[in-house]
Amino acid sequence: METIKIQGTEDTPKVILDKEKEVMEISGRSLPEDVASFYDPILTWLDEYASAPNKKTVFNFKLVYFNTASSKLLLDILMKLEEIHEAGNDVLIRWHYPEDDEDMEEAGEEYADIVDVPFEQVPYSN
Amino acid sequence: MDNKKDVKGFLEFVYEFYKSMKAHEITLVYEGEITHQITKAFTSLTESNMAKDDEPGTVQRKVFHVMVECLQNISKHADDFTSSDFLFSGRGIFLVSKGENEYSVTTGNAVDNDRIEELTKMLESINRMDKEELKDLYKKQMKEGRLSEKGGAGLGFIDIKRKTGRDLEYHFLPISDDTSFFLLTSTIGREE
């Protein structure tokens, strides 16, 4: 399966989706000019991945900022992961947040409430 | 001769304008089309100013959030405006002011009068909600809402109220029979 590697910029996150190496992460800042077209390839990749997922899927979110439009697309990603989990696969979401950022911590808690997937909150120091 | 007098008058106006900006503690003012490039430039400028002033991380993050949502509101909605009035179409005003106790982010753009009722209803209902209600509404809207053609998720106002913990202050001023100027100001406390 094709690997997605997108370098982060000041307004778009770094993305790595590598099935073979079992690395999946979105990190940095997300306020793209066009959220839908930025996240589209990621959602398409997950659809394909869902048809033959790895034994265990660990998806890391390590965002420092995302705008409200991105928050909707992040939920779409989480819902795809929820589907993979519902199909009987092992899935873990790791939500990394700066330890002094309550809003980012709360955002993780809210996502964990909405989707039914094992969800781990991971504070880190800046 | 006349020209010289005009120039002098204009320069005097600039000085008055400068003084008035200082009096209102305005640190950034912009009038014109709000694009994504402008959004990036203003947020990074304000961010570096706040870092230089050793503003606490929480305050910096909140100001950043509010600025992005306000700017994207205008860039996504200002051109919904149908009037061909060149003064107002597709443009807006954007101000940041920094007082002793708070930052304010203010936007202004023209709207068709038939949108006033809907905007007022939305802003009033958000202002009435407490923390938990806002959280539930945000979650609901994220799940059920759809991205608009321009990429808006209908979450901006809710997010601003949640991040600032203060009411959204707004005002409509008449421009003509069909249009009004919509002003919105959000304040972020500087105390953590």
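Keep in mind that what you see is a predicted model, and the values were worked out from it rather than measured. Just so it is clear, the values below take in all heavy atoms, side chains as well, and ignore hydrogens, waters and symmetry mates.
B:Y30 has its ring centre no less than 6.0 Å from the ring centre of B:F94. Aromatic rings from B:F181 and B:H171 are positioned such that their centres are separated by 6.0 Å or more. When ring centroids are compared, A:Y124 and A:Y97 stay outside the 6.0 Å threshold.
Looking only at heavy-atom pairs under 4.5 Å with chain B, the residue among A:L73, A:V64, A:D101, A:L75 that has the most is A:D101. Ranked by non-hydrogen atom pairs under 4.5 Å with chain B, the options A:D113, A:D100, A:L74 are led by A:D100. With chain A as partner, the option from B:R162, B:K163, B:E69 having the largest number of non-hydrogen pairs under 4.5 angstrom is B:E69.
When only modelled atom types and interatomic distance are considered, A:E10 and B:S44 share no side-chain donor-acceptor pair under 3.5 Å. Side chain to side chain, A:T68 and A:S71 fail the donor-acceptor criterion of an N or O pair below 3.5 Å.
A:P32 touches chain B through its backbone: at least one of N, CA, C or O sits under 4.5 Å from a heavy atom, while the side chain does not. With a 4.5 angstrom heavy-atom cutoff, A:F66 touches chain B only via backbone atoms.
Evaluation of the ring pair (Phe, Tyr, Trp, His ring centres under 6.0 Å) test over residues 95-135 of chain B, restricted to residues two or more places apart or in two chains, returns none.
Contact residues of residues 125-138 of chain B toward chain A are B:K135, B:Y138 (heavy-atom distance under 4.5 Å).
Connection of B:V105 to B:I38 is established within a shared hydrophobic cluster, with ILVMFWY side chains joined at heavy-atom distances below 4.5 Å, either directly or through further cluster members.
Between A:F38 atom CZ and A:L31 atom CG the span is 10.5 Å, to the nearest 0.5 Å.
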